Participant: 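Have a look at the structure that comes next, please.
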Amino acid sequence: MADTSRDRLVRLLGMIAYLEAHGSTPFAVLAEHFGVTEQRVERDLWALTTSGIPPYLPDECIEFDFDHLDSGVATLVASQGASQVRLSGREAVALIGALATLIAAGTAPAGAQDVLSRLREAYGGGEPVRVLDSASEADAAVTSTVERGIAEGRAVSLDYIDAQDRRSVRVIEPHRLVAIDGVGYVECFCLKADDYRTLRLGRIASATASDVMITHPPSEERGFSLAPQFEATVVVRRGARWAFEDLAGVEIEDDGETATARFGVADVDWAAGRLLAVAPDIVSIAPEQLRDAVSSHADAVAAAHSV
């Protein structure tokens, strides 16, 4: 499986935290812990030696014992605070809002409430973002049963009420909990429909654990499957390929200098917003419809900042 930018970033930060906690560690131990080859560990560690605090002067880079690196052992000398989370005010507010939404929707991972409390405390004890009560509709017992099914790989029996208030009993193989517009859903394979479904947690009246084991893999499509309006082709400098790696059905060609991403666009404004995140690295955008949308969004951002 290809190593995505996100995978590598998580691993690099994880290595720093691991070495701070465990001290000098052979490459072989790191490779086993992070599930990669020793060659990949070596490349990652040498990449870390050129990382740190901009503008990356010698005393601002993450420092290792180079003699130890040459002998296959990672010894961290100075981490430059890489394992410490630093957030700007805007980043803190965005993260608080995202965590509060996931918690309200019933889709937050374990420990989310503790992280949210710490963030609010660090922000000054206030509540910069408040999630409306309408998002908090999922029954805690239902969510807990579905989560247990996901963790144990077991099907769950549901008493479900659809958007037309029709009640039905169905057995699902739960795969993921997601939040869409602040509302919790479970992505699953429905044995009754014999197909993949995204069911709203707030419409599940009750959930019962089953002894039936999950046999269907998760869908490759996350959330609702929206029909693309058109196919887009975007060329960016290689460092910006991360912006496309999580898009459903994307095809990426990487020549070492640029990355060409081809993907379906269901929501033009959403796609334009995603492209703005890597605007300085964009080489070309096709078709014209998406290019015009990106230009329009960029003009709106520039106008907002000029006020």
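Because the structure is predicted, anything quoted here is derived from the model rather than measured. Values below: all heavy atoms of this structure, side chains included; hydrogens, waters and symmetry mates excluded.
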Participant: Check whether any side-chain heavy atom of Asp299 sits under 4.5 Å from a side-chain heavy atom of Ser295, and report yes or no.
Facilitator: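 Yes, close enough: below the 4.5 Å cut-off.
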Participant: Report the distance from atom CG of Leu191 to atom CD of Glu173, rounding to the nearest 0.5 Å.
Facilitator: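 It is 5.0 Å, given to the nearest 0.5 Å.
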Participant: I need the Arg40 CZ to Arg8 CZ distance, nearest 0.5 Å.
Facilitator: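 If we round to the nearest 0.5 Å, Arg40:CZ and Arg8:CZ are 5.5 Å apart.
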Participant: Carefully, step by step, assess Asp195 and Arg197 under the rule salt bridge (Lys or Arg N to Asp or Glu O under 4.0 Å).
Facilitator: CA-CA 6 Å; Asp195 200 359; Arg197 291 289 186 268; 3.5 Å; yes
Participant: Within a 6.0 Å radius of atom CD on Glu257, are there more than 12 heavy atoms belonging to other residues, nucleotides or ligands?
Facilitator: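 At most 12 heavy atoms, drawn from other residues, nucleotides or ligands, come within 6.0 Å of this atom.
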Participant: Just by modelled atom types, is the Asp139 backbone N or O under 3.5 Å from a matching donor or acceptor in the Thr143 side chain?
Facilitator: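 Present.
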Participant: Which atoms form the tightest heavy-atom contact between Ala155 and Val171, and what is the distance?
Facilitator: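 Smallest interatomic distance, heavy atoms only, reads CB-CG1, 3.8 Å.
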Participant: Going hydrophobic residue to hydrophobic residue with side-chain gaps under 4.5 angstrom, can you get from Val265 over to Ile285?
Facilitator: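 Shared cluster, yes.
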Participant: Should His33 and Tyr18 be marked as a ring-ring contact (aromatic ring centres under 6.0 Å, His included) after you check the CA-CA gap, both sets of side-chain angles, and the distance that decides it?
Facilitator: CA-CA 10 Å; His33 181 78; Tyr18 186 96; 4.6 Å; yes
Participant: Per the salt bridge (charged side-chain N to carboxylate O under 4.0 Å, His left out) rule, which among Arg170, Arg203, Arg167, Arg166 passes with Asp159?
Facilitator: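 Looking at Arg170, Arg203, Arg167, Arg166, the match for Asp159 under the salt bridge (charged side-chain N to carboxylate O under 4.0 Å, His left out) is Arg167.
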Participant: Does the Arg274 side chain pair with the main chain of Ala243, one donor and one acceptor, at a distance under 3.5 Å?
Facilitator: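 Yes.
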Participant: Please tell me if the side chains of Leu177 and Leu201 come closer than 4.5 Å, counting only heavy atoms from C-beta onward.
Facilitator: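 SC-SC contact between Leu177 and Leu201 confirmed.
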Participant: Looking only at heavy atoms, which two atoms of Leu76 and Ile16 are closest? And how far apart?
Facilitator: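 Smallest heavy-atom distance, with atoms named: CD2-O, 4.1 Å.
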Participant: Answer with yes or no whether the hydrophobic clustering places Leu9 together with Trp46; edges join I, L, V, M, F, W, Y residues whose side-chain heavy atoms lie under 4.5 Å apart.
Facilitator: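 No, no single cluster joins them.
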Participant: Side-chain contact test, heavy atoms from C-beta onward, threshold under 4.5 Å: evaluate it for Arg241 versus Asp254 and give yes or no.
Facilitator: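 Answer yes - side chains close enough.
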Participant: So, Arg176 side chain and Ile150 main chain: donor-acceptor pair closer than 3.5 Å or not?
Facilitator: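 Checked: no pair found.
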Participant: Are Leu275 and Ile282 side-chain neighbours, meaning at least one heavy-atom pair lies under 4.5 Å?
Facilitator: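 In short, these two side chains touch, coming nearer than 4.5 Å.
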Participant: Can you see which heavy atom on Lys192 is nearest to which on Ser168, and at what distance?
Facilitator: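 Smallest interatomic distance, heavy atoms only, reads NZ-CB, 3.4 Å.
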Participant: Between Thr260 and Thr258 (side chain of the first, backbone of the second, donor and acceptor by atom type, cut-off under 3.5 Å), is there such a pair?
Facilitator: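 Judged by distance alone, no pair lies under 3.5 Å.
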Participant: Supply the atom-to-atom distance Leu158 CG to Ile204 CD1, rounded to the nearest 0.5 angstrom.
Facilitator: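 Here the interatomic distance stands at 4.5 Å.
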Participant: Do Val268 and Phe244 sit in one hydrophobic cluster, given that two such residues count as connected whenever their side-chain heavy atoms are within less than 4.5 Å of each other, even indirectly?
Facilitator: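 Same cluster: Val268 reaches Phe244 through Ile, Leu, Val, Met, Phe, Trp or Tyr contacts under 4.5 Å.
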Participant: Below 30° counts as parallel, above 60° as perpendicular, anything between as tilted: where do the rings of Tyr196 and Phe189 land?
Facilitator: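 Correct class here is perpendicular.
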Participant: Between Cys190 and Ile172, what is the shortest heavy-atom contact and its length?
Facilitator: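 Here Cys190 and Ile172 meet closest at CA-CG2, 4.3 Å.
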Participant: State the CG-CG distance between Leu48 and Leu12, to the nearest 0.5 angstrom.
Facilitator: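 Nearest 0.5 Å value for the CG-CG distance: 4.5 Å.
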Participant: Got Asp44 and Arg11 here, is their nearest side-chain heavy-atom distance under 4.5 Å?
Facilitator: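 Yes - at least one pair of side-chain heavy atoms lies under 4.5 Å apart.
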Participant: If you round to the nearest 0.5 Å, how far is CD of Glu38 from CD of Glu32?
Facilitator: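 CD of Glu38 is found 10.0 Å from CD of Glu32.
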Participant: For residues Val156 and Ala207, report the shortest heavy-atom separation together with the two atoms involved.
Facilitator: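 So the minimum-distance heavy-atom pair works out to CG1-CB, 3.9 Å.
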Participant: Does Val41 share a hydrophobic cluster with Val73, counting links as ILVMFWY side-chain heavy atoms below 4.5 Å and allowing steps through other members?
Facilitator: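 No, no single cluster joins them.
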Participant: Taking the side chain as everything from C-beta on, heavy atoms only, tell me whether Phe263 gets closer than 4.5 Å to Glu251.
Facilitator: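 No - every pair of side-chain heavy atoms lies 4.5 Å or more apart.
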Participant: Are Val29 and Leu45 grouped together when hydrophobic residues (ILVMFWY) are joined by side-chain heavy atoms under 4.5 angstrom apart?
Facilitator: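 They do share one cluster, since a chain of ILVMFWY contacts under 4.5 Å joins Val29 to Leu45.
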Participant: Are any non-hydrogen side-chain atoms of Tyr160 and Arg200 less than 4.5 angstrom apart?
Facilitator: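 Answer yes - side chains close enough.
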Participant: Nearest 0.5 Å, what's the CZ-OG distance between Phe66 and Ser71?
Facilitator: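 One finds 13.0 Å between CZ of Phe66 and OG of Ser71.
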